[in-house]
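Residue numbers start from 1 in every chain, and the chains themselves are labelled A, B, ... in the order their sequence lines are given, proteins ahead of strands. Values in this document were obtained by computation on a predicted structure and should not be read as measured data. Atom set for the values below is all heavy atoms of this structure, side chains included, hydrogens, waters and symmetry mates excluded.
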2 protein chains.
Amino acid sequence: MQISSLSKSATIEDVARAAGVALSTASGAFSGKKRMSEQTRATILQAAQELNYTPNPHAQRLAGGRSLKHIDLVALRLDVGMDARKAQRIQRLLTERGYSAPLHAYGRSVGEGQVDQRGLMETIRRQQPRAIVCDTTSLQDEVLEELKCFVAEGGMVIGYGYHDLDFPGDQVIFDSRHGISQAVRHFHSLGHERIAIGFPTHPHNTGPRLRTFQNELVSCGLRFQAQWVFHADGGAEDAETEEIGVHMAARFLRLAERPSAIFITNDYAALSFMAELHRAGVEAPRDISIVGHDDRPLAQRAWVPLSSFTHPVEEVAQCVVQMLEERLEGRAADEARVIVVRGELRLRQSTAPLLVDKGRSVKAKGK
Amino acid sequence: MQISSLSKSATIEDVARAAGVALSTASGAFSGKKRMSEQTRATILQAAQELNYTPNPHAQRLAGGRSLKHIDLVALRLDVGMDARKAQRIQRLLTERGYSAPLHAYGRSVGEGQVDQRGLMETIRRQQPRAIVCDTTSLQDEVLEELKCFVAEGGMVIGYGYHDLDFPGDQVIFDSRHGISQAVRHFHSLGHERIAIGFPTHPHNTGPRLRTFQNELVSCGLRFQAQWVFHADGGAEDAETEEIGVHMAARFLRLAERPSAIFITNDYAALSFMAELHRAGVEAPRDISIVGHDDRPLAQRAWVPLSSFTHPVEEVAQCVVQMLEERLEGRAADEARVIVVRGELRLRQSTAPLLVDKGRSVKAKGK
DNA sequence: TTGTATGCGTTATCAC
DNA sequence: GTGATAACGCATACAA
């Protein structure tokens, strides 16, 4: 096979001429929408092969409308955490299935360096992809409008995120509140009563999860303390996740009354939190029980193996792609579907029952 | 502003009609390539605004050639390590500058689940972006051919990677061999003579770095041992980086003669390696000195703070974008340029001088 | 079954 | 300055 494309790319007209057929015949041979003799078809495909012909995607879309093999992916950020992995995994699965699936990032939804979400989505919509797969976390309303336009124009939309919302397409939801309930119940079953939570993100998006946390405490008969809620605030919003764990540790150590258990919704933050407390002489699980989130390999391999809640990235990605394919193949009900995916608690050494009299028990243990 | 795009999108003809001018006048008003009264121009822009007009990108590219604000990004993988961060950072910078910069991933270059690199690049090339920014790590030759075609057709290419290669455009190189030299010299200056290296990747791409390692050992008068080179092999290629560190630790512990120092080219692998040795009673830096790579925040915050070689992601990304902009604005020499970027060693507690008589010194230390 | 004509939305080249 | 007209490459309806 020669790479002859140094000259101008061949057009379908060139192919038709080479194959000795009319232009429309050649077109029909590629789309398959036209009945013709196997003989002619073979000749045309052969000619296309030799000329190294590839259809011009812009001409195709100008003439025929939507492109079939192009799906745009939109994520919030690509540089951090499991959301990035989901987007990347979805891209991978789609690429393997022969789709072109470029990935676009919104940038952060809060604070400086913000990207024009609406503009980005409009640009994408104008490209007329077959579908848009979109991370719905902190999607602005104007973006939802754009997506609705896109669907109205015949596009297809699949979303994934942490809470379902009024959305013009199917959604795959990882139920992050379930993890919070599980963690709280676990701590409670171990006898803990002073339970904290740490979100290594901007407070902006933690409302629903925080409410779940409060409700769960109440239903366990425990009290909620605002100072036992940790966020990436006070200038730490831009820090790397691990740094946020360090900040949390500093705040924790300044507390007059310390919790005996904490759920930190990111393993790396939890690990640096744990290491930082260790330096201050506060040990897990003796002095504090810690549960992380995402169940990264390092959690299991850490100095003190970290209990963690799993984050089924693969499952989410596969659900998204499956729903998408069902829609593309027209075998899906009209109304938008919602699939909920859940993780589970993996217990390791960073959590332990609360010791009633801490001092004595520790001594006894140390003997 | 109303979102009227529920109906079919306005075309330039609609704008011209609304503004009471000819179609081509309207076109000229947008491109600015036509002289006209400010009055007319304002009217046209106004009309476009009201009709919520956006040019159809496909029609533009069909007619006018290359799109100006579209730059395609191509990376190897997006799900792991610092290469992903570079791609993401470049995307960010370009998006902030008003470019549409979708990110495509090749998938892995070796092993199963391989993506058709050539096909992907061809698809991208056919989209006629203004430029292609490409991770050159383990680029297949056919892809280089595609890129050359792209340049021949008037496109622009910028590459970034770990070694410069015969490439049809500017390149930004992070000199990974420099880090290896630095690490070896550091160990040597501490008195270490049995020095190992660990690459948490497939052996496929480590050739040049391994040679640098050997050369550096020789120039320090030290011996090279093949069994002191660790790779992600034996089925571990697909494992997460941290898991590879665990595998390396297992192999290390089985060694008849153990090295006293090791450079592992990824912090997470180095951390899990260190934790795993700890469980086996082998402590850093007492029994082994460890240097990681990338200088991730967790390295600094780990149980034993890890010495690490920095990885200037930001610098690479900025160099790439700067070179690109210089080219786009035509203020760059014709011949392809190469910029080399280097990191530096950050020393922490995981490295220490070799103790001449380990047993006695340790006892003395413990007193 | 095969060839022909028209339109998609834009840019660019001309005459006016 | 402004306004028709021809590409650009493909799909499709329609005529042969």
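Here C:dT10 presents its P atom at 12 Å from CZ of B:Arg17, a figure rounded to the nearest Å. Rounded to an integer number of Å, the gap from A:Gln39 CD to C:dT2 P is 10 Å. Between the P atom of D:dC8 and the CD atom of B:Gln128 lies a distance of 13 Å, rounded to the nearest Å. In this structure, A:His58 places its NE2 atom 14 Å from P of C:dT11, rounding to the nearest Å. Look at CG on A:Leu51: it is 16 Å from C1' on D:dC10, rounded to the nearest Å. Taking atom CD on A:Glu13 and atom P on C:dT6, their separation rounds to 16 Å, with Å as the unit. Atom CZ of A:Arg61 and atom P of C:dG7 are 24 Å apart (whole Å). Atom CD in B:Gln127 sits about 16 Å away from atom P in D:dG9, given to the nearest Å.
Here the rule is side-chain contact (heavy atoms from CB on, under 4.5 Å) with B:Leu324, and of B:Leu94, B:Ile90, B:Asp170 only B:Leu94 fits it. Of the candidates B:Thr137, B:Thr136, B:Asp83, B:Tyr162 forms a side-chain hydrogen bond (donor to acceptor under 3.5 Å, both in side chains) with just one, namely B:Asp83.
Between B:Ser27 and C:dT10 there is no side-chain N or O to OP1 or OP2 distance below 4.0 Å. Dashed line: the shortest gap from a side-chain N or O of B:Ser24 to OP1 or OP2 of C:dT11 is not under 4.0 Å. Within the structure, every side-chain polar atom (N or O) of B:Gln60 is placed at least 4.0 Å from both OP1 and OP2 of C:dG9. A sub-4.0 Å separation between OP1 or OP2 of D:dA11 and a side-chain N or O of A:Ser31 is absent.
Taking 4.5 Å as the limit, some side-chain heavy atom of B:Thr54 sits within range of a side-chain heavy atom of A:Glu122.
Surrounding CD of B:Glu329 are more than 12 heavy atoms belonging to other residues, nucleotides or ligands, all under 6.0 Å away. Counting heavy atoms of neighbouring residues, nucleotides and ligands inside a 6.0 Å radius, atom CD of B:Glu13 does not exceed 12 of them.
A salt bridge does not link A:Arg331 with A:Glu325: every distance from a Lys NZ or Arg NE/NH1/NH2 to an Asp or Glu carboxylate oxygen is 4.0 Å or more. Between B:Glu326 and B:Arg337 there is a salt bridge, since a side-chain N of the basic residue sits under 4.0 Å from a carboxylate O of the acidic one.
Side-chain contact annotation: B:Ser37 with B:Thr40, donor-acceptor N/O pair under 3.5 Å present.
A rotation axis mapping the C1' atoms of four pairs onto the next four is fitted at both ends of the helix from C:dT1-D:dA16 to C:dC16-D:dG1 over five pairs, and the angle between these axes is 50° to 10 degrees.
Considering only the side chain of A:Tyr53, D:dC10 comes nearest among D:dC10, D:dG1, D:dA7. Checking D:dG3, D:dA7, D:dG9 against the side-chain heavy atoms of A:Ala63 singles out D:dG9 as nearest. Candidate nucleotides C:dT1, C:dG3, D:dC10 were compared by shortest atom distance to the side chain of A:Ala22, and C:dG3 ranks first. Residue B:Leu23 places its side chain closer to C:dT11 than to any other of C:dT1, C:dG9, C:dT11. Set against C:dG3, D:dT2, C:dT10, the side chain of B:Thr11 has C:dT10 as its closest nucleotide.
Interface remark: the A:Thr25 side chain does not form any donor-acceptor pair with the C:dT2 base, using a distance-only criterion of under 3.5 Å.
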